[in-house]
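A short write-up of the structure that comes next.
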Amino acid sequence: MLEVQHIREDFEGINGRLSKRGKSFEDALNKVLELDDQRKQTQTTLDGMLAEMNAISKEIGICFKSGKRDEAEALKAKTVEIKESSKQLENTLKETIEELTNALTQIPNAPHDSVPNGKTPEENEIVLSHGDMPELAHKLPHWELAEKYDLIDFELGVKITGAGFPVYKGKGARLQRALINFFLDEGLKHGYNEVQPPIFINEASGFGTGQLPDKEGQMYHMTVDNLFAIPTAEVPITNLYRDVIVKKEDFPIKNMAYTPCFRREAGSYGKDVRGLNRLHQFDKVEIVQLAHPDESYTILEEMSSYVQSLLQKLGLNYRVLRLCGGDMGFTSALTYDMEVYSGAQERWLEVSSVSCFETYQSNRLKLRFKNENGKMQYAHTLNGSALALPRIVAALLENNQTENGIEMPEVLRPYLGFDRID
RNA sequence: GGAGAAAUGGCAGAGUGGUCGAAUGCACUUGUCUUGAAAACAAGCGAGGGUCACACCUCCGGGGGUUCGAAUCCCUCUUUCUCCGCCA
């Protein structure tokens, strides 16, 4: 959530930044301020009543002690009325706060100044491209390669669970395991602390990172226990710090985790979902950082470079996009997408998304630190995929195919125990 | 799954109806002393709302209730511990 105080202090700024998302939030922002004024007013009145009640109660206590029963009874009578109206006011306050929270929850994060205006993916800005486009003599798409070399069985997954839940087999399974270990080892070298979080989360966690209520329909929901399967490890890792006051000396706090991720992907269809392009279950190593607000954007650049270094080591050509306001996630202030080129499909595939959330998540999480002046302040949160496996696998299979099989990148060979798939 | 016990500030741990946002110890911060450190001594030391700043209000696991008044009594949920059962 945006901070009410920020909206109050810099209305024009925030309003302007929000408009990058391709629609106006001015009315919503005004509504928030109005509700907050209402909240303050109600609370002030209520506080006055409670103060009076407290004073009377204290007096009654003293009267009883000194034996002045009649006086005490008279005072008691006085409280009845105050109590009545304070109860009513309390309800009003509760409603106002609820309305305020709802209004605030519906406003997305304000995009960073560098975010381009725009509504569609076509308006994303290409920041840089790296590596040569693959020139392939053989252009089998990865789903055909997967079948040819018996790496991934999509049909079998349908039998076990349903579409979008592939079964990896033999060298296909080993490639998965190799990539996960490679990514974790690289993360370790870059100072990320490895954690293994639960892959089911409760409602509070979903709210903390912004999946709830915004993306409720995108998550698998186990209604019996009211738990959700994680769509990304971002949720459990970031929620490690919900209701936590961290030490500013500890910044930046760097964690990572490998987890499977689950997405319902309601509404997807066609070539987007072919093969590994879009799955209901996939594997990902996620990196998450908590940062001092002054440093978060420097750290975002570092995270972006780190993700790029992984792609370089895997020998994949890629490009980096700065997402436009309309294509950016609800909670993000600035997002870089990394895309690798799929030589056989002849299209770009998103393999990573690196974002800075400023205080949008930490406000919901109540994730704070004591700043230089001894005041509580919300930390900045950042995260990125480093990396998501399926499309990396797709690109590796397609771009490295030869007459004699599929060559594996040098860096993976120690993890794989083989050099090529044939 | 069954039975019992418990949940208080960063930690430990008092507090069973009124002046308790909460004793005490540890930890932490600052100061005195010291060449420096330790020790000792002194002061400070939870969070949120509100205010120019005070005042004031809220919070003793969550929610609800009783009462003029609740950390303290009642209900309920959650979690933890002990015992039993089951089990990778």
Side-chain angles (χ1 to χ4, degrees), chain A residues 1-9 32-101 103-105 196-208 212 222-228 236 239-251 253 260 290 359 361-379:
Chain A
M1 299 187 285
L2 294 173
E3 295 169 72
V4 178
Q5 208 184 331
H6 278 181
I7 300 176
R8 203 174 282 286
E9 282 166 1
V32 164
L33 290 186
E34 192 187 305
L35 283 167
D36 190 51
D37 283 337
Q38 209 173 307
R39 190 212 98 229
K40 271 194 208 178
Q41 205 187 333
T42 311
Q43 190 152 36
T44 308
T45 318
L46 176 63
D47 283 357
M49 285 182 189
L50 292 177
E52 200 180 340
M53 279 290 280
N54 287 343
I56 294 175
S57 294
K58 214 171 254 189
E59 247 181 278
I60 290 175
I62 294 166
C63 284
F64 270 124
K65 269 198 179 152
S66 51
K68 298 177 193 162
R69 289 225 159 197
D70 297 347
E71 233 170 276
E73 289 304 328
L75 284 169
K76 263 197 205 182
K78 243 171 101 177
T79 61
V80 177
E81 204 179 310
I82 306 173
K83 203 175 177 183
E84 186 64 32
S85 34
S86 75
K87 274 231 163 107
Q88 271 178 30
L89 216 52
E90 222 168 280
N91 285 331
T92 320
L93 183 65
K94 218 185 247 181
E95 281 165 28
T96 311
I97 290 174
E98 202 172 303
E99 268 183 73
L100 177 62
T101 311
L104 222 39
T105 304
Q196 271 194 26
I199 58 173
F200 295 160
I201 50 143
N202 58 27
E203 256 180 287
S205 297
F207 180 78
L212 294 175
M222 284 149 280
T223 50
V224 179
D225 296 301
N226 196 24
L227 297 173
F228 297 85
N239 271 280
L240 254 25
Y241 297 90
R242 173 151 46 88
D243 293 319
V244 169
I245 297 168
V246 297
K247 291 202 183 91
K248 67 174 188 299
E249 296 80 29
D250 293 341
F251 286 136
I253 297 171
L290 312 182
T359 61
Q361 291 184 327
S362 57
N363 186 22
R364 289 190 177 195
L365 293 160
K366 299 279 167 286
L367 161 53
R368 296 164 293 171
F369 69 99
K370 205 171 261 186
N371 68 17
E372 294 69 22
N373 305 318
K375 288 251 166 79
M376 285 300 175
Q377 199 179 332
Y378 289 116

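Letters A, B, ... mirror the listed sequences (proteins, then strands); counts begin at 1. Note that this is a predicted model, so its numbers are computed, not measured.
A heavy-atom distance below 4.5 Å is not found between the side chains of Phe369(A) and Met376(A). Gln361(A) is not listed as a side-chain neighbour of Leu367(A), based on a closest heavy-atom distance of 4.5 Å or more. Between Arg39(A) and Asp36(A), the closest side-chain pair of non-hydrogen atoms falls below 4.5 Å.
Take the nearest nucleotide of RNA chain B for Lys87(A) and for Leu46(A): the residue whose nucleotide is more 5' is Leu46(A). Of the two residues contacting RNA chain B, namely Gly61(A) and Leu50(A), the nearest-nucleotide position lying further toward the 5' end is that of Gly61(A).
Between Asp243(A) and Arg368(A), none of the side-chain N atoms (NZ, or NE/NH1/NH2) sits under 4.0 Å from a carboxylate O, so this pair counts as no salt bridge.
Closest to the side chain of Met376(A), from the set rG69(B), rG48(B), rU51(B), is rG48(B). Among the nucleotides rU67(B), rG49(B), rA47(B), the one closest to any side-chain atom of Gln43(A) is rG49(B). Residue Asp47(A) places its side chain closer to rC57(B) than to any other of rC57(B), rG50(B), rA47(B). Nearest to the side-chain atoms of Arg368(A) among the listed nucleotides rU51(B), rG18(B), rA47(B) stands rA47(B). Taking every side-chain heavy atom of Lys83(A) into account, rU67(B) is the closest of rU67(B), rG50(B), rA47(B). Candidate nucleotides rG49(B), rG18(B), rU67(B) were compared by shortest atom distance to the side chain of Ile60(A), and rG18(B) ranks first.
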After noting the C-alpha distance and the side-chain angles of Val32(A) and Leu35(A), does the key distance pass the side-chain contact (heavy atoms from CB on, under 4.5 Å) rule? CA-CA 5 Å; Val32(A) 164; Leu35(A) 283 167; 5.9 Å; no

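Side-chain N/O atoms of Asn54(A) include none lying less than 4.0 angstrom from OP1 or OP2 on rC68(B). At the phosphate of rG50(B), OP1 or OP2 sits under 4.0 Å from a side-chain N or O atom of Arg39(A). The side chain of Lys76(A) places no N or O atom within less than 4.0 Å of a non-bridging phosphate oxygen (OP1 or OP2) of rU67(B). For the OP1/OP2 pair of rG64(B) and a distance below 4.0 Å, the side-chain nitrogens and oxygens of Lys94(A) include at least one atom meeting the criterion. Residue Lys366(A) has no polar side-chain atom (N or O) positioned under 4.0 Å from OP1 or OP2 of rG48(B).
One atom, CG of Leu89(A), and another, C1' of rC57(B), lie 13 Å apart when rounded to the nearest Å. Rounded to whole angstrom, the span from the OH atom of Tyr378(A) across to the P atom of rA47(B) amounts to 13 Å.
Across all strands shown, rC41(B) forms a Watson-Crick or G-U wobble pair, both distances under 3.5 Å, with rG31(B). Pair assignment for rG21(B) gives none, since no Watson-Crick or G-U wobble pairing has each distance under 3.5 Å. rG36(B) makes up no base pair with any nucleotide shown, lacking Watson-Crick or G-U wobble contacts both under 3.5 Å. Figure legend. rG4(B) is base-paired to rC81(B); pairs are counted as Watson-Crick or G-U wobble with both atom distances under 3.5 Å.
Only the C1' atoms considered, rU72(B) is 13 Å distant from rU67(B), to the nearest whole Å. To the nearest whole angstrom, the two P atoms, one in rG65(B) and one in rU29(B), are 44 Å apart. Rounded to whole Å, the separation between the P atoms of rA42(B) and rU24(B) comes to 13 Å.
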